[in-house]
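These notes concern the structure reproduced below.
We count ligands from 1, going down the list as the structure has it; atoms in each ligand are counted the same way. These numbers come from a predicted model, not from an experiment. Positions are given from 1, in the same order as the sequence printed here.
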Amino acid sequence: MKTIIEPFRVKSVEPIRFTTIGERTRIIREASYNPFLIRAEDVLIDLLTDSGTSAMSSAQWAAMMQGDESYAGSSSFFRFEASVKRITGMPQVIPTHQGRAAERILFSILGGKGKSVLSNTLFDTTRANIEWSGAEGLDLICEEGKDPALVAPFKGNISITALDERIRELGAPRIPVCILTVTNNSGGGQPVSMANIRQASSVCRSHGIPLFIDACRFAENAYFIKLREEGYQDRPMLEIVREMFSYADGCTMSAKKDAFANIGGFLALRDEALSLECRNLLIMTEGFPTYGGLAGRDLEAVAVGLGEALDEDYLKYRIRSIEYVGERLIAAGVPIVRPTGGHAVYLDAKAFLPGIPPDQYPGVALCSELYIRGGIRAVEIGSLMFGKYDSSGKLVSPPMELVRLAMPRRVYTQSHMDYVTETILETFDHRDTIRGFRIGHEEAVLRHFTARLIPVQELK
Ligand SMILES: *Cc1c(COP(=O)(O)O)cnc(C)c1O
């Protein structure tokens, strides 16, 4: 077996700035130990997110020059619409400036007090938009998905039993929509199987509940189906993707993920009446329905990117480069979510730092150590991102404390991945010296973006 190489050559480069451990110790303190508050130029390898950070292809840049910036009816919109229809098969295509704008529009209409939205696992902005509308969001992840160390092919699946039970318990009229996140971002980037999408769809349809797909990583999910699910090995990517969407009534999409765009998203659906309501809200806050808050050139980048996302040589390299980091970490005994998912390596911070309890934010502690040691920026997905307080003010933690190292698409090479691995291994060797954190300041919604943290030992 030869090395699986990056399926592109480099045409334009962006220098990265080197810093010392001393500088980084100061920088992260000044950023209140919140990686979102560090300046990008102070980061060596930026794995904060795979969102909007992709390297665009020469074809995407070329298409951008053809951007038609007409306010209404721009030809860029029609190329965008055709590309979205080709992938999703949905007749109603509504551009938005990013995924959360599609979510806000959808849940402003479908959400509201007393309603419950069911999901495998809701992404943070999705949950926030549902809760903002007054509705509640319920995660019904399958059993395998709850154990980070368990190796199973489709740990992103929704529990069909739980879905059925919840619908019976709450009653279908209280459930305006069920949404499947593919791949399951907050649940470890794990894929959802075709069988699971099909079953969820049939349960929802039997109760008259629409099924939506949070489609940010539809191509990565489809590639896992091709690799792991019986009967899909010889099917073309486009067919697999089309089948996935065929079970859904609509989807929200952040084009900043699998579509390699730096900005953009959409809402696509089948129901014409609902799409009219959505467009009315779109006009009020995003823009006219043929641009939805995007420039014509952005629509072009998405239109081309959606097609490139289905290239199998690319997907093979993409999935392999993440698996490659995972293999080396597993071999050294570093606890990670297994198997590795589609867009990120997730460190299990609870097992990595067993001495730090959830209310001292082990994920935050691990992120700050990775930054200090290697200039790597990662993100906590645990008690800081998803923690809630009960009526007595006590922190209620989510089941897992993870640190996500998200890989921007087509940006870093194998030697960058080697460096990341080496930094994690060095951190693992020194894990006994790492201390926890307390929150110094927080906001009521999406607190992880702005929270300020204080090292526990400084409090004493
Ligand atoms: C990124 C993301 C979103 C939100 O999209 P934005 O473009 O960041 O607004 C929603 N769901 C999932 C699963 C995501 O990864």
Side-chain angles (χ1 to χ4, degrees), residues 36 47-54 80 84 88 94-108 111 117-133 137 139 141 145 155-158 177-192 197 212-222 224 244 248 250-268 282 285-286 292-294 298-299 301-302 305-306 309 318 322 341-344 346 378-381 385-386 402 404-409 445-446 448-449:
F36 285 101
L47 308 182
L48 183 69
T49 176
D50 63 322
S51 178
T53 52
S54 299
F80 172 88
V84 174
T88 65
I94 300 172
T96 58
H97 80 275
Q98 53 183 92
R100 69 196 66 184
E103 292 166 356
R104 196 191 58 79
I105 290 170
L106 185 69
F107 296 117
S108 311
V117 176
L118 310 184
S119 177
N120 50 346
T121 311
L122 295 164
F123 181 65
D124 58 353
T125 61
T126 323
R127 173 172 288 283
N129 275 295
I130 290 168
E131 292 178 356
W132 185 255
S133 82
D139 293 342
I141 188 73
K155 290 172 73 178
N157 284 354
I158 190 168
V177 61
C178 169
I179 183 155
L180 286 180
T181 312
V182 306
T183 56
N184 191 354
N185 186 356
S186 311
Q190 300 292 326
V192 178
I197 302 175
F212 270 59
I213 292 183
D214 178 341
C216 301
R217 298 179 183 81
F218 72 97
E220 289 167 6
N221 198 82
F224 279 117
M244 281 167 50
C251 69
T252 55
M253 169 84 186
S254 168
K256 301 172 71 174
K257 318 288 169 60
D258 269 1
F260 308 102
N262 300 129
I263 196 73
F266 57 83
L267 180 58
L282 184 83
T285 57
E286 291 277 302
L294 294 170
D298 300 325
L299 294 168
V302 176
L306 282 173
R318 168 84 179 147
I322 290 153
H343 66 291
Y346 291 73
V379 68
E380 188 253 22
I381 300 194
M385 185 180 277
F386 287 125
L402 303 177
R404 186 184 75 178
L405 300 143
M407 307 301 175
R409 294 172 181 75
V445 251
L446 297 174
H448 54 287
F449 287 129

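- At least one N or O atom of Gly99, backbone or side chain, sits closer than 3.5 Å to an N or O atom of ligand 1.
- Shown in contact with Thr125 at under 4.0 Å from a heavy atom are these atoms of ligand 1, numbered in order with element: 3 (C), 4 (C), 10 (C).
- In the candidate list Glu103, Arg217, His343, Arg104, Glu103 is nearest to atom 10 (C) of ligand 1, counting heavy atoms.
- Only side-chain heavy atoms of Lys256 come within less than 4.0 Å of ligand 1; its backbone N, CA, C and O stay farther off.
- Looking at Cys251 and Phe266, their side chains come closer than 4.5 Å, going by heavy atoms from C-beta outward.
- Distances from ligand 1 to the non-hydrogen atoms of Gly265 include no value under 4.0 Å.
- Met244 pairs with exactly one of Val182, Val192, Thr88, Leu180 by the side-chain contact (heavy atoms from CB on, under 4.5 Å) rule, that one being Val182.
- Between Arg127 and Asp139 there is a side-chain heavy-atom pair separated by less than 4.5 Å.
- Looking only at heavy atoms of the protein, atom 11 (N) of ligand 1 is closest to Asp214 OD2, 2.7 Å.
- Nearest non-hydrogen protein atom to atom 14 (C) of ligand 1 is Lys257 NZ, 2.8 Å.
- Ranking protein heavy atoms by distance to atom 6 (P) of ligand 1, first place goes to Gln98 NE2, 3.3 Å.
- Of the protein's non-hydrogen atoms, the one nearest atom 8 (O) of ligand 1 is Arg100 NH2, 3.0 Å.
- Numbered from 1 in the order shown, with element, the atoms of ligand 1 that lie under 4.0 Å from a heavy atom of Thr181 read 13 (C).
- Minimum interatomic distance between Arg404 and Ala378 (heavy atoms only, all atoms of both residues): O-CB, 3.4 Å.
- Relative to the six-membered ring of Tyr346, Lys155 misses at least one condition, a distance below 6.0 Å or an angle of at most 45° to the axis.
- For the residue pair Arg104 and Thr96, no side-chain donor N or O sits within less than 3.5 Å of a side-chain acceptor on the partner.
- Using a 4.5 Å cut-off on side-chain heavy atoms (C-beta onward), Asp258 and Arg217 make contact.
- Screening Ile105, Thr125, Ile179, Ile94 against Thr252 for a side-chain contact (heavy atoms from CB on, under 4.5 Å) leaves a single residue, Ile179.
- Of the options Gly264, Ala101, Ser254, Ala406, the smallest heavy-atom separation from atom 7 (O) of ligand 1 is shown by Ser254.
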